Q: 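Please find one structure pasted underneath; my questions will follow.
Keep in mind that what you see is a predicted model, and the values were worked out from it rather than measured. In the text below, chain A, chain B and the rest are named by the order of the sequence lines, each starting its count at 1.
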Number of protein chains: 2
Amino acid sequence: MTDSDDQPERKRGTGSRLVYDTLREEILSLVLQPGEPIDEIGLADRLSMSRTPIREALVRLAADGLVTLLPNRSTVVSQIDFPNLHRFFDAMTLMYRVTTRLAAEFHDAEDLVEIRARQDAFARVVVAGDTAGMIQLNRDFHVAVAEAGRNPYYLQLFSRLLDEGRRILRLYYYPTFEPRLPHPYIQEHEAMIAAIAERDVDTCDRLAKDHADKIVQQIQQMMARDLRQDIKL
Amino acid sequence: MTDSDDQPERKRGTGSRLVYDTLREEILSLVLQPGEPIDEIGLADRLSMSRTPIREALVRLAADGLVTLLPNRSTVVSQIDFPNLHRFFDAMTLMYRVTTRLAAEFHDAEDLVEIRARQDAFARVVVAGDTAGMIQLNRDFHVAVAEAGRNPYYLQLFSRLLDEGRRILRLYYYPTFEPRLPHPYIQEHEAMIAAIAERDVDTCDRLAKDHADKIVQQIQQMMARDLRQDIKL
DNA sequence: TGCATTTTATTTGTCGACAAGATTCTCTAG
DNA sequence: CTAGAGAATCTTGTCGACAAATAAAATGCA
């Protein structure tokens, strides 16, 4: 058996989506590292399809900013844009605030159920000490809040920022994580849910800002520590 | 002469870009109306290339939200999302404010030259009574301001919103436009430039908000008028 | 041995073709 | 004359192949 995958009879039209989802997950989880080239032919071979749907997926990933298409040269996983990191934090903070505010204004009962479910899932992985899951489910929680806010434009930008944040957090947060309960983020999420349910826009804004500031501060501390270590060596 | 275009020896790799730019312009200027299907074969014939680069361009346009890919069915120009229009206005107003604020903070001398150039171009088409050009160059002005603000995340969202705005303005603004000088928008742009140059963040914020509110209000008035006419008939 | 240049090999962008799925047309039964 | 099943047509998604462009290797020269 030279071929590990036998063809599972994919349906017509699902090829590009499969490649897109696979690559996206591998990029965001740093299985594919920034700068790493992506081999079209290898992928075609691995997923047993032609290059056409793969190139289509790469074009979509490029639109998301996850890969960079170098003309007539290889496609590479996009670098994390460190010189622009403070701009990233700025946009992230604004989106935290805006989406949480809008959630307080426009949510309905079903939204609260969904948000609550995400928060419970988040709490579970925190208890389990599953850091990768924590990053993922924190993202899901805030996406659920943003969806309750009903603004697709903010949702799109916020999703993109949260994805980019997944890569950054993986780099700086994961190696230094030590589980402790009750985790402050869980409590902050709980406070947000309460404020959203009470439709208290101002409190939502304040909580979101504090939450964002804390995350940014934490990442910056870790980055600084990281840099010092580099100098020490 | 059955064929209007002779092939101008395109360079390798420019095919998709040509299609993308062409379609994008035709969509935003409403030459291609919302809901209109896009014929891949026809385009391939017209631009004398194969369907592959055309499909690639369509995928990119779909990522921008300008077209909708219906699986196994035709690709159509995206509808203008009227039920979400107030969310569009909300996001637009926020981006006006944020980008103008950041321009005041982070611009340099070259940015001011560029912004001034766009404003002059804008003023020229206003004088000429060229409404289509007005819409286009108003967009260019604000993109220049956003570029001076140096935040690529805001710039991307703002560009998308301004593009979508081009379609909406074409629908509601164009038919009712009557030129008058000095146009208030020119004066408001001038005030913005002055506040940016003085790095007066608060004034920028106020001016941007007022500018956005005025535009939104004007569009809403025209839409209301339009609706009344529909009822009358 | 080191550097410049030609040759080879790999990879990308584009093409024409074909099959699955959807749409339209046609023919027949009621 | 209408409605529905089936056939024919058209469009899309995918494929394998080929040529342009780049990268790598090999060769020649100082």
Q: Find the distance A/Leu70:CG to C/dT11:C1' and express it as a whole number of Å.
A: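 The distance from CG of A/Leu70 to C1' of C/dT11 comes to 13 Å, rounded to the nearest Å.
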
Q: Go through the structure and list residues passing side chain to side chain donor-acceptor pair (under 3.5 Å) with B/Arg60, not counting sequence neighbours.
A: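 Partners of B/Arg60 by the side chain to side chain donor-acceptor pair (under 3.5 Å) criterion come out as none, since no residue qualifies.
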
Q: How many whole angstroms separate atom CG of A/Asp39 from atom C1' of D/dA23?
A: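 In whole Å, D/dA23 C1' lies 14 Å from A/Asp39 CG.
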
Q: Output a table of nitrogen or oxygen pairs between the protein and nucleotides 19-21 of chain C separated by less than 3.5 Å.
A:
from	atom 1	to	atom 2	distance (Å)
C/dA20	N3	A/Arg12	NH2	3.4

Q: Please determine if a side-chain N or O atom of A/Arg73 lies less than 4.0 Å away from the OP1 or OP2 oxygen of D/dA23.
A: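 It does, given that an N or O in the side chain of A/Arg73 lies less than 4.0 Å from OP1 or OP2 of D/dA23.
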
Q: Grab the CD-P distance between A/Glu40 and D/dC15 for me, whole Å please.
A: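 From A/Glu40 CD to D/dC15 P: 14 Å.
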
Q: B/Ile38 has an atom CD1; how far is it from atom P of D/dT12, in whole Å?
A: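 Those two atoms, CD1 and P, are 10 Å apart.
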
Q: Could you check which of D/dT12, C/dC15, D/dC15 has an atom nearest any side-chain atom of B/Thr52?
A: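 Given the options D/dT12, C/dC15, D/dC15, the side chain of B/Thr52 is closest to C/dC15.
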
Q: How many Å lie between CD1 on A/Ile41 and P on D/dG16, as a whole number?
A: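 My rounded result for the distance is 13 Å.
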
Q: For the side chain of A/Ser50, starting at C-beta, report the closest nucleotide among C/dT12, D/dT12, D/dC15.
A: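 Nearest nucleotide to the side chain: D/dC15.
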
Q: Strictly below 4.0 Å, N to O, side chains only: are B/Arg116 and B/Asp120 in salt-bridge contact?
A: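 Counted as a salt bridge, because a side-chain N and a carboxylate O are separated by less than 4.0 Å.
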
Q: Ignoring hydrogens and angles, answer whether the base of C/dG13 and the side-chain atoms of A/Arg51 contain a donor-acceptor pair closer than 3.5 Å.
A: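 Yes.
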
Q: Using a strict 4.0 Å threshold on nitrogen-to-oxygen distance, state whether A/Arg160 and A/Asp64 make a salt bridge.
A: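 No, A/Arg160 and A/Asp64 are not salt-bridged.
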
